[in-house]
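Okay, so here's the structure we're looking at.
The residues of the chain are indexed from 1 along the displayed sequence.
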Amino acid sequence: MRRRTVTAGSLEEILRATEPAPAPATASAPAPPTAPSAGAPVRREEHALRTEFEFELPRGYVDEAGTLHRHGSMRLATARDELRPQIDLRVKENPAYLSVVLLSQVITRLGTVTDVHAGVVERMYATDVAFLQDFYRRVNSEGHTRAAVTCPHCEGAFEVDLSGGRLGES
């Protein structure tokens with residue numbers, strides 16, 4: 001069997017070419033499901049997929065106006081998010097820049113900043129970037145934001161939520 005090599009100008013062209021076609025609307029489409037009767041129990045999704053995770057930065061991002069932003073949210077990464085940095089020229093020139101580009105794609109909000117781009121991540125403190133890299137790994141690999149820790153004094157093991165809850169708060 002012979003292999004064919006296909007080249008495209010960019011990842012966007014490849015992704016656009018391989019997107020599934022939308023389902024055509026037909027006149028004989030089934031009617032939408034009706035609401036359950038008053039006596040029927042309402043069934044809820046107990047295990048809905050969580051796609052966005054809140055976090056609190058250890059130091060915080062200071063914007064041009066001097067405002068400190070510590071609370072933010074990160075969404076789950078898609079395959080496109082993982083592939084896009086591979087064609088970014090900044091990543092090709094410096095592979096360490098990969099995490100900056102990747103984080104800028106998945107952080108949806110940072111305080112009042114909703115346009116989180118690579119320049120924002122570049123201006124973050126190194127401790128915050130390291131926190132976000134670990135947070136990204138936990139969210140996308142393990143599916144949660146909890147970490148197992150051990151008390152250095154009593155050696156008791158317990159879990160903490162890295163998404164920013166303060167000790168003693170519920």
Side-chain angles (χ1 to χ4, degrees), residues 8-16 18-20 42 44-170:
S10 71
L11 176 63
E12 292 298 324
E13 291 176 16
I14 295 169
L15 294 172
R16 224 180 354 265
T18 58
E19 278 183 351
V42 176
R44 281 190 203 163
E45 285 274 338
E46 290 183 22
H47 300 288
L49 178 63
R50 185 173 171 196
T51 60
E52 195 147 319
F53 297 84
E54 298 287 321
F55 61 81
E56 182 179 342
L57 294 174
R59 295 199 186 272
Y61 166 69
V62 180
D63 64 13
E64 296 83 16
T67 306
L68 179 68
H69 304 277
R70 291 187 69 194
H71 297 276
S73 60
M74 179 184 293
R75 66 174 172 78
L76 286 176
T78 63
R80 180 179 283 191
D81 294 326
E82 296 269 343
L83 293 170
R84 185 174 282 141
Q86 302 298 325
I87 61 169
D88 193 302
L89 293 177
R90 298 169 294 186
V91 174
K92 287 183 178 182
E93 291 175 7
N94 181 6
Y97 203 75
L98 176 101
S99 63
V100 171
V101 174
L102 190 55
L103 288 173
S104 70
Q105 292 181 118
V106 297
I107 297 173
T108 57
R109 178 183 55 79
L110 188 55
T112 57
V113 179
T114 55
D115 180 26
V116 181
H117 50 81
V120 171
V121 179
E122 284 177 355
R123 289 189 301 270
M124 287 183 180
Y125 294 109
T127 52
D128 290 336
V129 174
F131 169 83
L132 289 169
Q133 288 170 331
D134 184 55
F135 193 75
Y136 175 91
R137 183 187 55 78
R138 286 182 185 280
V139 164
N140 288 288
S141 298
E142 300 169 15
H144 59 80
T145 59
R146 296 179 308 276
V149 295
T150 304
C151 175
H153 299 290
C154 68
E155 297 184 9
F158 58 97
E159 283 188 346
V160 294
D161 189 352
L162 297 177
S163 63
R166 296 275 187 219
L167 291 176
E169 292 182 358
S170 55

_Student check: side-chain heavy atoms of Arg75 and Thr51 closer than 4.5 Å_ = no
*If only atom types and distance count, is the side chain of Ser141 paired as donor or acceptor with the main-chain N or O of Arg137 below 3.5 Å?*
yes
*Side chains of Asp128 and Tyr61: does their closest heavy-atom pair fall under 4.5 Å?*
no
*Which atom pair, heavy atoms only, marks the closest approach of Glu52 to Ser73?*
OE2-OG, 3.0 Å
*Kindly indicate whether the side chain of Leu110, heavy atoms from C-beta on, has any atom under 4.5 Å from the side chain of Met124.*
yes
_Please give me the minimum heavy-atom distance between Lys92 and Ile87, naming the atom from each residue._
CE-CA, 4.0 Å
*Non-hydrogen side-chain atoms of His69 and Arg109 separated by less than 4.5 Å*: no
*Pairwise distance OH(Tyr97) to CZ(Arg90) - rounded to 0.5 angstrom*: 4.0 Å
*What is the minimum heavy-atom distance between Glu122 and Val100, and which atoms define it?*
CG-CG1, 4.1 Å
*Which atom of Ala96 lies closest to which atom of Ser99, heavy atoms considered*: O-OG, 3.6 Å
*asked:* Could you report the tightest heavy-atom contact between Met74 and Leu103, atom names first, then the distance?
replied: CE-CD2, 4.0 Å
_Side chain to side chain, Leu132 and Leu57, heavy atoms closer than 4.5 Å_ = yes
_As an exercise, state the distance from OG1 of Thr108 to CG of Asp115, rounded to the nearest 0.5 Å._
12.0 Å
*Within the distance-only criterion (no hydrogens, no angle test), does the side chain of Asp81 pair as donor or acceptor with the backbone N or O of Thr78 below 3.5 angstrom?*
yes
*Look up atom CD in Glu56 and atom CZ in Phe135, then write down how far apart they are to the nearest 0.5 Å.*
11.0 Å
*Apply side-chain contact (heavy atoms from CB on, under 4.5 Å) to the pair Gln86 and Leu98, showing each step before the final yes or no.*
CA-CA 8 Å; Gln86 302 298 325; Leu98 176 101; 3.5 Å; yes
*Take Asn140 and Leu76, measure what side-chain contact (heavy atoms from CB on, under 4.5 Å) needs, and give me the verdict at the end.*
CA-CA 6 Å; Asn140 288 288; Leu76 286 176; 3.7 Å; yes
*For Ser104, what residues pass the side chain to side chain contact (heavy atoms under 4.5 Å, CB included) criterion, not counting sequence neighbours?*
Ala118, Val121
*For the residue pair Arg70 and Gly60, what are the closest heavy atoms and their distance?*
CG-CA, 3.7 Å
*Would you say the side-chain atoms of Arg123 pair up with the backbone N or O of Gly119, donor to acceptor, closer than 3.5 Å?*
yes
*Does some side-chain heavy atom of Val120 sit less than 4.5 Å from a side-chain heavy atom of His117?*
yes
*Give a yes or no on whether a salt bridge exists between Asp134 and Arg138, defined as a side-chain N under 4.0 angstrom from a carboxylate O.*
yes
